[in-house]
Student: 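This is the structure I want to talk about, given as structure tokens.
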Amino acid sequence: MSPARTPVIRIADLPGLVGSTVTLSGWVTHTRSSGKVAFVVMRDGTGTLQCVIVKTQVSAEAWEAFQALTLESSFTVTGEVKADARQVGGVELGVTGLAIIGPSALDYPIQPKEHGVDFLLDNRHFWLRSPRQVAIMRIRNEIEQAIHDFFYERGFLRVDTPILTAAIGERSGLFATEYFDEGNAYLAQTGQLYGEAAAAAFGKIYTFGPTFRAEKSKTRRHLTEFWMIEPEVAFNDTHANMDLQEDFVSFLVQRVVERRPAELKELGRDVETLKKVKTPFPRIDYTDAVATLQRKGSAVTWGEDLGAEDEALLVEDYETPIFICNYPKEAKAFYMKENPDDPRTVLCDDMLAPEGYGEIIGGSQREDDHDKLLHRIHEEGLPVEAYSWYLDLRKYGTFVHAGFGLGLERTVAWICGTPHIRECIAFPRMMHRLRP
RNA sequence: GGCCGCGUAGCUCAGCUGGUAGAGCAGGUGACUGUUAAUCACCGGGUCACAGGUUCGAGUCCUGUCGCGGUCGCCA
């Protein structure tokens, strides 16, 4: 036998409850007092609510409880829901009772004023409570859900690939840790190679997980721990791969535009700009891109990877993301398939987001020829033993296949219009930031 | 790692060609019956990152150290 329970009411529920008396719990974001009338702004994660307390209409205990409320104290309040056009949700609460749950010490670090980003990140556990951060996290959540919906509806299988791996993947920095008698284990930089094995088992797969890069990158586009989504599709070539990428990214953007207008407004994001993100996205051959860049005054020469400045120059003429395809072999990873039309290049693409947000996707058709792949592994000086199972995929029923990796935080940053990627994950990990 | 910049009150910052520490916000006390980062009055609050140097005198100039940020490279 369990006792009768009343459902918990949240601030977001209140517009439908005008005229009724409700009890809510939450935290203080702000208090104001004019002597005998006082105002407390409560937040509960679903919204904010102004609670109006008139001294002559509440008990002495409730009035004293109000007096003792400090910023971020948790409290329970009872009152009548009243329509009030001046309020954000269109309602306020005429308080009849108020009790403190947990008082908040007077030195709560985040005040209703401007703070520096570094200070805010030191207090990330509190910063997350602010309306802007709540909006970013809700949009991130919307994007994550949309990713799962997109692939589920298309018959993809989600595969969770290992985070602890033997050295495999790309050449960039690895985080190492001792692993029993097996020597070092490394935190995964990509699930792709496992994704390729899974694609041969299930046809269409995607991974969704954390990845780790130990480079000492100090830019607004880098984290040491970030979340990556890596689809891999059997029998897709590089063209089908780009079709999937543009369908995917435009789906994510339109989903946020449709379902999260309030959050975009909170962030001051221009929705019209996002609405322009429709397929097809321009596909620019690397060789043509270099020519364009040289015409624009860049010093790049054929064979070099494109720098951040070059990418910005290319993107400035477009309102959608663009693809840069078929880079020189030397600039790209060993597993990318040689371009049969120009063996100096590989069948790959980078998707560059507009407005200077940079690369959000890197993709390629994979090398499916056993001997060519083995040759590339030798060329890169990689340990062949570590890749034996990966080579086996080409030995036992090799298959044309392609895939890509989407950086979640970069995508969230672009869609939200945030200046820095570090606001786009709850607890960012960077070179100089391991806590909170 | 290269280059550029920053470090002054709990927070955001000002502090000129060197002259002995400031504002706003936050906090405390009081006033106010409709405020939206309310307003008004009063109050407390500092090893000017650290260590040297120049100088009669250094927050300010010089050197070094530490910490941090931006940018580039690496990539998503």
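Here is the naming used below: chain letters follow the sequence lines, and residue numbers restart at 1 for every chain. Please read these numbers as outputs of a predicted model, since none were measured by experiment.
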Student: OP1 or OP2 of B:rC68 less than 4.0 angstrom from a side-chain nitrogen or oxygen of A:His432, does that happen here?
Tutor: yes

Student: If pairing requires Watson-Crick or G-U wobble contacts with both distances under 3.5 Å, which nucleotide is the partner of B:rA41?
Tutor: B:rU29

Student: Whole angstroms only, please: what is the CG-C1' distance between A:Asp118 and B:rG5?
Tutor: 14 Å

Student: Give the rounded distance in Å between these two atoms: CD1 of A:Ile143 and P of B:rA76.
Tutor: 19 Å

Student: I want to check a possible cation-pi pair here: A:Arg344 against A:Trp302, using under 6.0 Å from ring centre and within 45° of the ring axis as the test.
Tutor: yes

Student: Side chain of A:Lys36, heavy atoms from C-beta onward: which of B:rU33, B:rA76, B:rU71 has the nearest atom to it?
Tutor: B:rU33

Student: B:rG1 pairs with which nucleotide, Watson-Crick or G-U wobble, both distances below 3.5 Å?
Tutor: B:rC72

Student: Can you pull the salt bridge (Lys or Arg N to Asp or Glu O under 4.0 Å) pairs that have at least one residue in residues 82-103 of chain A, sequence neighbours excluded?
Tutor: A:Asp84-A:Arg86

Student: Between A:Gln145 and A:Asp149, do the side chains contain an N or O donor and an N or O acceptor separated by less than 3.5 Å?
Tutor: yes

Student: What's the closest nucleotide to the A:Glu359 side chain, out of B:rC72, B:rG34, B:rA76?
Tutor: B:rA76

Student: Which residues pass the ring pair (Phe, Tyr, Trp, His ring centres under 6.0 Å) test with A:Phe202, sequence neighbours left out?
Tutor: none

Student: Using Watson-Crick or G-U wobble geometry with both distances under 3.5 Å, which nucleotide pairs with B:rC6?
Tutor: B:rG67

Student: Within a 6.0 Å radius of atom NE2 on A:His148, are there more than 12 heavy atoms belonging to other residues, nucleotides or ligands?
Tutor: yes

Student: How close or far is atom P of B:rC75 from atom CD of A:Gln189, stated in whole angstroms?
Tutor: 11 Å

Student: Dump every N/O contact between nucleotides 36-44 of chain B and the protein below 3.5 Å, one line per pair.
Tutor:
from   : atom 1 : to       : atom 2 : distance (Å)
B:rA37 : O3'    : A:His30  : NE2    : 3.0
B:rA37 : N3     : A:Pro112 : O      : 2.7
B:rA38 : OP1    : A:His30  : NE2    : 2.1
B:rA38 : OP2    : A:His30  : NE2    : 2.1
B:rA38 : OP2    : A:Arg32  : NH1    : 2.6
B:rA38 : N6     : A:Ser33  : O      : 2.9

Student: Who is the Watson-Crick or G-U wobble partner of B:rU17, with both distances under 3.5 Å?
Tutor: none

Student: With the threshold set at under 4.0 Å for non-hydrogen atoms, list the residues of residues 303-314 of chain A touching RNA chain B in residue-number order.
Tutor: A:Asp305, A:Gly307, A:Ala308

Student: Here's a test of your reading of the structure: between A:Met430 and A:Gly405, which maps to the more 5' nucleotide of RNA chain B?
Tutor: A:Met430

Student: Please work out if A:Leu408 contacts a base, only the sugar-phosphate, or nothing of the nucleic acid, heavy-atom cut-off 4.0 Å.
Tutor: nothing

Student: Give a yes-or-no answer on whether the side chains of A:Asn326 and A:Thr345 include a donor-acceptor pair shorter than 3.5 Å.
Tutor: no

Student: Could you tell me how far B:rC32 sits from B:rG19 if I compare only their C1' atoms? Round to whole Å.
Tutor: 45 Å

Student: Which value, in whole Å, describes the distance between the P atoms of nucleotides B:rA9 and B:rC50?
Tutor: 11 Å

Student: Suppose you measure atom C1' in B:rU60 against the same atom in B:rG15; what distance do you get, rounded to whole Å?
Tutor: 9 Å

Student: Considering every strand and a 4.0 Å limit on heavy-atom distances, what is the contact class for A:Phe226: base, sugar-phosphate, or nothing?
Tutor: base

Student: Using a distance-only criterion (donor-acceptor N/O pair, under 3.5 Å, no hydrogens), is the base of B:rG1 paired with the side chain of A:Glu215?
Tutor: no

Student: State whether the distance check finds a donor on one side and an acceptor on the other, under 3.5 Å, for side chain A:Arg410 versus base B:rC75.
Tutor: yes

Student: Round to the nearest Å and state the distance from A:Ile147 atom CD1 to B:rA76 atom P.
Tutor: 16 Å

Student: For B:rC48, give the paired nucleotide (Watson-Crick: N1-N3 plus N6-O4 or O6-N4; G-U: N1-O2 and O6-N3; both under 3.5 Å), or none.
Tutor: none

Student: Report which part of the nucleic acid A:Lys55 touches: base, sugar-phosphate, or nothing (heavy-atom distance under 4.0 Å, all strands).
Tutor: nothing

Student: Rounded to whole angstrom, note down the C1' distance from B:rC61 over to B:rG28.
Tutor: 41 Å

Student: Taking B:rA31 as the reference, what is the distance to B:rG70 when you measure between their C1' atoms (whole Å, please)?
Tutor: 48 Å

Student: Expressed in whole Å, how much space separates the C1' atoms belonging to B:rU12 and B:rA37?
Tutor: 14 Å

Student: Does a donor on one side chain sit under 3.5 Å from an acceptor on the other, for A:Thr76 and A:Ser25?
Tutor: yes

Student: For atom P, what is the distance between B:rG44 and B:rG5, given to the nearest Å?
Tutor: 40 Å

Student: Between A:Phe208 (CZ) and B:rA76 (C1'), how many Å, whole number?
Tutor: 13 Å

Student: Taking the side chain as every heavy atom from C-beta outward, state whether A:Pro328 and A:Glu330 have any atom pair closer than 4.5 Å.
Tutor: yes

Student: Pick base, sugar-phosphate or nothing for A:Glu92, based on heavy-atom distances below 4.0 Å to the nucleic acid.
Tutor: base

Student: Can you tell me if A:Tyr335 and A:Gln192 form a side-chain donor-acceptor pair at under 3.5 Å?
Tutor: yes

Student: With nearest nucleotide decided by heavy atoms, which residue, A:Val54 or A:Arg433, maps closer to the 5′ end of RNA chain B?
Tutor: A:Val54

Student: How many whole angstroms separate atom CD of A:Glu72 from atom P of B:rA26?
Tutor: 15 Å

Student: Pick the P atom in B:rA58 and in B:rA41, then give their distance to the nearest Å.
Tutor: 37 Å

Student: Between the base of B:rC75 and the side chain of A:Ser217, is there a donor-acceptor distance below 3.5 Å?
Tutor: no

Student: Identify every side-chain donor-acceptor pair in residues 31-38 of chain A under 3.5 Å, counting partners at least two apart or on other chains, and give the distances.
Tutor:
from    : atom 1 : to      : atom 2 : distance (Å)
A:Arg32 : NH2    : A:Gln50 : OE1    : 2.8
A:Ser33 : OG     : A:Gly35 : N      : 3.3

Student: May I have the distance from A:Phe39 (atom CZ) to B:rC32 (atom P), rounded to whole angstrom?
Tutor: 15 Å

Student: Does NZ or CZ of A:Arg376 come closer than 6.0 Å to the centre of the six-membered ring of A:Phe334, within 45° of the ring's axis?
Tutor: no

Student: Given B:rU71, is OP1 or OP2 found less than 4.0 Å from the side-chain N or O atoms of A:Arg220?
Tutor: yes

Student: Take the protein atom CZ of A:Phe66 and the nucleotide atom C1' of B:rG34, then report the distance between them rounded to whole Å.
Tutor: 13 Å

Student: Strictly under 6.0 Å, is that where the ring centroids of A:His115 and A:Phe119 end up?
Tutor: yes

Student: Below 30° counts as parallel, above 60° as perpendicular, anything between as tilted: where do the rings of A:Phe212 and A:Phe175 land?
Tutor: perpendicular

Student: Ring-plane angle category for A:Tyr390 and A:Tyr387, please: parallel below 30°, perpendicular beyond 60°, tilted otherwise.
Tutor: perpendicular

Student: Hydrogens and angles aside, do A:His401 and A:Glu196 bring a side-chain donor and acceptor to less than 3.5 Å of each other?
Tutor: yes

Student: Please list, in numerical order, the residues of residues 413-425 of chain A that have a heavy atom closer than 4.0 Å to any atom of RNA chain B.
Tutor: A:His420, A:Ile421, A:Arg422

Student: Any strand is fair game: report the nucleotide pairing with B:rC61 by Watson-Crick or G-U wobble, both distances under 3.5 Å, or none.
Tutor: B:rG53

Student: Within the structure shown, what part of the strands sits under 4.0 Å from A:Ile360 by heavy-atom distance: base, sugar-phosphate, or nothing?
Tutor: sugar-phosphate

